[in-house]
Amino acid sequence: YRDTWEFGLAADGGFHEFFGLEELLLRRCRLIIISDAGCNNGKFEFGALADTIRLVRERHGIEFLDLDHDQPVDLHRLKRHAESLRQDQHHICMRVRYPEGFPVQGPAEGMVVYAQMSLTGDEELDLQQFRKVNPNFPDEPTTNQSYDENQVESFRQLGQHVGIKVCQRAPLRARDR
């Protein structure tokens with residue numbers, strides 16, 4: 001049924017890995033956008049992403065590379081600065097290289113856009129103020145399921161902000177190689 005895909009596929013993780021990324025990679029998608037809304041408290045930064053990269057490399061020989069160089073992806077721009085609890089940017093783009101002999105036909109490479117719920121300082125004033133009053137935002141633990149109206153609106157607003165920034169800045173056309 002691969003020949004009938006006209007728009008896109010959506011996946012949700014939780015079975016083999018957190019994002020549902022493995023299943024999209026096995027379909028050799030040209031462009032995959034990951035939204036990571038997990039808690040990034042500085043203790044295990046990119047733990048779910050690192051686990052997924054390791055899993056697909058070990059199981060399928062799929063590599064994640066820097067956009068411009070044949071080297072591993074550098075995630076330093078997504079690390080939080082301890083003093084400000086901000087990041088340099090909300091997302092990063094990386095190439096996916098499929099191994100020769102991969103069982104599904106398609107391009108030799110694709111692109112993954114990895115976006116995090118994060119603050120960089122370019123958000124609207126009310127969102128920055130919410131963070132000052134709620135220093136754990138947006139890293140609320142998943143055990144807290146009782147959000148008030150202000151929390152819900154702040155998460156919605158941040159998600160929209162991050163999505164807009166990804167669409168403005170990410171090169172959303174995967175290159176055929």
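- The existence of a salt bridge linking R59 and E22 is confirmed by a sub-4.0 Å separation between a basic side-chain nitrogen and an acidic carboxylate oxygen.
- Taking CD1 from I33 and CG from L24, the interatomic distance works out to 11.0 Å, rounded to the nearest 0.5 Å.
- Closest approach of C93 to M111, counting heavy atoms only: CB-SD, 4.1 Å.
- Annotation: salt bridge (charged side-chain N to carboxylate O under 4.0 Å, His left out) contacts involving residues 149-159, sequence neighbours excluded, comprise E153-R156.
- Heavy atoms only, all atoms of each residue included: R80 and P138 are closest at NH2-CG, 4.4 Å.
- A salt bridge between D70 and R95 is present, with a side-chain N of the basic residue lying under 4.0 Å from a carboxylate O of the acidic one.
- With hydrogens and angles disregarded, a donor-acceptor distance shorter than 3.5 Å links the side chain of S118 to the backbone of Q116.
- Proximity of I164 to C167: side-chain heavy atoms (C-beta onward) are nowhere separated by under 4.5 Å.
- Residue I62 holds its CD1 atom at 11.5 Å from OG1 of T52, rounded to the nearest 0.5 Å.
- For residues 160-169, the set of pairs meeting the salt bridge (charged side-chain N to carboxylate O under 4.0 Å, His left out) definition, not counting sequence neighbours, comprises D122-K165.
- For residues 88-107, every residue pair satisfying the ring-ring contact (aromatic ring centres under 6.0 Å, His included) rule, not counting sequence neighbours, is listed here: H90-H161, Y98-F102.
- A donor-acceptor contact shorter than 3.5 Å is absent between the side chain of E63 and the backbone of R57.
- Partners of D51 by salt bridge (charged side-chain N to carboxylate O under 4.0 Å, His left out), not counting sequence neighbours, listed by chain and number: R54.
- Annotation: ring-ring contact (aromatic ring centres under 6.0 Å, His included) contacts involving residues 59-80, sequence neighbours excluded, are absent.
- Atoms CZ and CG, from F19 and L49 in turn, are 5.5 Å apart once rounded to the nearest 0.5 Å.
- R30 approaches P107 most closely through the heavy-atom pair CG-CG, 3.7 Å.
- Under the side chain to side chain donor-acceptor pair (under 3.5 Å) criterion, D88 pairs with H81, not counting sequence neighbours.
- For E58, the side chain to side chain donor-acceptor pair (under 3.5 Å) test picks out no residue, with sequence neighbours left out.
- Shown here are the side chain to side chain donor-acceptor pair (under 3.5 Å) partners of Q89, two or more places apart in sequence or in another chain: there are none.
- Residues passing the salt bridge (charged side-chain N to carboxylate O under 4.0 Å, His left out) test with E124: none are found, sequence neighbours excluded.
- Closest approach of V73 to I92, counting heavy atoms only: CG1-CD1, 4.4 Å.
- For the side chain to side chain contact (heavy atoms under 4.5 Å, CB included) test, residues two or more places apart in sequence or in another chain that qualify with N150 are F130, D148.
- With sequence neighbours excluded, no residue satisfies salt bridge (charged side-chain N to carboxylate O under 4.0 Å, His left out) with D74.
- Here L65 contributes atom CG and M94 contributes atom CE; the two are 10.5 Å apart, rounded to the nearest 0.5 Å.
- Residue pairs that meet the ring-ring contact (aromatic ring centres under 6.0 Å, His included) test with at least one member in residues 104-128, sequence neighbours left out, do not exist here.
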